[in-house]
Each structure stands twice: as structure tokens, then as C-alpha cells.
Amino acid sequence: MEEFEKVEKLRQRANVTYEEAREALKACDGDLLDAMVYLEKQGKVNEPESSVFTTSYEQQTQYKDVPATVLEQQKNKEKKSFGEKFKHLCEIVWEKLRDNTLRVERKGKEVIKLPLWAVALILLFAWHVTLIAVLISLFFDFHYSLDGEGDLEKANKVMGKATEAADYVKQEFDKL
């Protein structure tokens with residue numbers, strides 16, 4: 001929208017002069033809503049001069065409270081549908097799965113390094129076999145950790161505690 005069209009729209013909606021509308025748009029970098037709020041804060045916005053005649057008892061006005069309208073529009077903008085929220089969640093999960101890896105080590109040497117999306121697929125299709133293999137491997141000195149972006153410290157602590165628990169069980173078994 002060109003500057004002239006914006007000035008004309010602002011003039012009609014705010015019921016101000018051409019110069020006042022142009023000045024408000026300049027002060028607000030061409031944003032119509034901000035210019036409307038700017039004019040209202042300065043007390044320059046006048047109610048429309050047109051009269052409305054009706055047979056009902058309700059008083060009808062064409063003028064809307066600009067700050068309330070702006071707040072309503074911002075709330076509607078912030079409201080996201082379930083589909084949009086789900087899509088955003090899927091994007092976040094995919095980024096985490098894509099950017100992070102699971103590292104398996106034995107006696108300080110890296111045995112395998114898999115992206116987390118591959119680990120998720122393995123767990124999805126063969127979770128029962130995978131969990132049993134992981135538990136058994138802990139008793140054969142395998143260590144698991146996550147590498148990549150984000151806060152992975154808590155997950156690595158949990159995996160470290162699982163390794164410690166397996167070591168403790170091995171020590172207790174050796175005492176028998």
C-alpha cells in the first residue's frame with residue numbers, strides 16, 4: 001500500500017486532517033495501527049461526524065476503541081490452532097533428533113555413534129529387543145551418552161547412573 005493510500009485510510013478512520021495523518025504515519029514508520037494509537041494518545045482522534053439513525057434502543061457507533069482493538073488483534077494473532085501447535089512441536093522434536101547423537105563406548109573406545117532419529121526408529125519398531133540388548137550391554141562395560149546441541153546434561157547423568165547401577169550389581173554378584 002502506498003503512502004498516500006495509508007494517509008487516506010488513516011484520515012477516514014481517525015477523522016483527522018491530512019497533515020496529522022501523514023505526521024502520525026511518519027512517526028510510526030508507516031504502520032497504520034501504530035499511527036492510530038499514536039493519534040489517540042495525542043488526543044487528536046475525533047469520533048466520526050456521521051450520524052446513525054435507528055429504531056432500536058441500542059446506541060450504535062461506528063467508532064471503535066483503538067487500544068482495545070489492537071489488543072484484540074494481538075490476542076487473535078497469538079492464538080494458534082491445534083494443528084499449528086502440533087506442527088511447531090514436531091519441528092522442535094525433529095531438530096533435536098537431527099542435531100543430536102547417541103554414542104556407545106566400551107573401555108574408552110567408541111563402538112557406534114547413531115543419530116537420535118535412527119535410535120527413535122529402532123526403538124519404535126524393535127523396542128523390546130533394543131531394551132534387553134541395552135540392559136545386557138551395561139553388564140559388559142558399555143557406556144551410553146548423548147552428544148550434540150542443547151541441554152543434554154540431565155540425560156547423560158541418567159545414563160551414567162544406569163552404568164553405575166550395572167557396575168554395582170556386578171560387584172555384588174562377584175561377592176557371592
Side-chain angles (χ1 to χ4, degrees), residues 1-3 5-7 9-10 13 24-41 64-176:
M1 190 181 299
E2 292 183 28
E3 182 183 356
E5 291 173 338
K6 287 182 180 181
V7 170
K9 257 192 181 177
L10 188 60
R13 300 237 170 131
L25 279 169
K26 273 188 183 178
C28 296
D29 296 324
D31 190 300
L32 279 172
L33 286 176
D34 288 344
M36 191 72 167
V37 172
Y38 175 81
L39 287 171
E40 188 162 286
K41 285 181 181 177
K64 288 187 174 181
D65 184 26
V66 174
T69 305
V70 170
L71 283 175
E72 182 181 327
Q73 287 175 349
Q74 286 174 346
K75 285 179 186 177
N76 290 338
K77 195 182 220 182
E78 291 171 2
K79 289 181 186 176
K80 292 182 180 178
S81 69
F82 175 75
E84 290 172 337
K85 289 179 184 177
F86 184 72
K87 178 184 172 191
H88 182 69
L89 176 66
C90 289
E91 288 171 354
I92 291 171
V93 169
W94 174 248
E95 286 176 12
K96 296 291 183 190
L97 291 174
R98 182 191 65 209
D99 296 340
N100 297 312
T101 58
L102 175 73
R103 184 182 352 168
V104 182
E105 295 178 346
R106 182 167 189 237
K107 297 181 181 176
K109 293 182 181 179
E110 186 176 287
V111 176
I112 192 168
K113 191 172 188 176
L114 290 171
L116 279 186
W117 63 265
V119 174
L121 285 176
I122 292 168
L123 284 173
L124 182 66
F125 292 111
W127 63 270
H128 48 285
V129 175
T130 306
L131 290 179
I132 292 169
V134 168
L135 286 174
I136 292 172
S137 68
L138 286 173
F139 292 103
F140 289 99
D141 295 324
F142 282 87
H143 300 279
Y144 296 90
S145 64
L146 294 176
D147 294 331
E149 300 175 7
D151 186 22
L152 303 173
E153 230 176 273
K154 291 179 184 177
N156 285 332
K157 281 183 184 179
V158 169
M159 288 187 234
K161 287 182 181 182
T163 303
E164 290 173 10
D167 290 341
Y168 177 75
V169 170
K170 282 191 321 188
Q171 288 173 0
E172 291 298 316
F173 186 75
D174 289 339
K175 288 180 184 178
L176 295 177

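The structure displayed is predicted, hence computed values, not measured ones.
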Legend entry - Contact summary for Leu146 and Leu102, nearest pair of heavy atoms: CD2-CD1, 3.8 Å
Inset, instruction - Give the C-alpha distance, both sets of side-chain angles, the deciding distance and a yes or no for side chain to side chain contact (heavy atoms under 4.5 Å, CB included) between Leu138 and Asp167. - result: CA-CA 8 Å; Leu138 286 173; Asp167 290 341; over 6 Å; no
Inset, instruction - With the side chain counted from C-beta on, respond yes when Asp147 and Lys113 share a heavy-atom pair under 4.5 Å apart, and no when they do not. - result: yes
Inset, instruction - Using the salt bridge (charged side-chain N to carboxylate O under 4.0 Å, His left out) rule, take Glu95 and Arg98 through it: C-alpha gap first, then chi angles, then the decisive distance, then the call. - result: CA-CA 5 Å; Glu95 286 176 12; Arg98 182 191 65 209; 5.1 Å; no
Inset, instruction - Could you grab the distance from atom CG of Leu116 to atom NZ of Lys96, nearest 0.5 Å is fine? - result: 10.5 Å
Legend entry - Minimal non-hydrogen separation, Leu97 against Ala120, with atom names: CD2-CB, 4.3 Å
Inset, instruction - Step through the shown structure and confirm whether more than 12 heavy atoms of other residues, nucleotides or ligands are within 6.0 Å of CZ on Phe86. - result: no
Legend entry - Sidechain N-carboxylate O distance under 4.0 Å for Glu3, Lys6: no
Inset, instruction - Tell me, yes or no, whether the heavy-atom count around Lys170 atom NZ, taken from other residues, nucleotides or ligands under 6.0 Å, exceeds 12. - result: yes
Inset, instruction - Taking all heavy atoms of Phe142 and all of Thr163, pick out the closest pair and write down the distance. - result: O-OG1, 4.3 Å
Inset, instruction - Please name the pair of heavy atoms, one in Tyr38 and one in Ala27, separated by the smallest distance, quoted to 0.1 Å. - result: CZ-CB, 3.8 Å
Inset, instruction - Please report the shortest heavy-atom distance between Glu105 and Glu110, naming the atom on each side. - result: CG-CA, 4.1 Å
Inset, instruction - Could you grab the distance from atom CG of Asn100 to atom CG of Leu152, nearest 0.5 Å is fine? - result: 5.0 Å
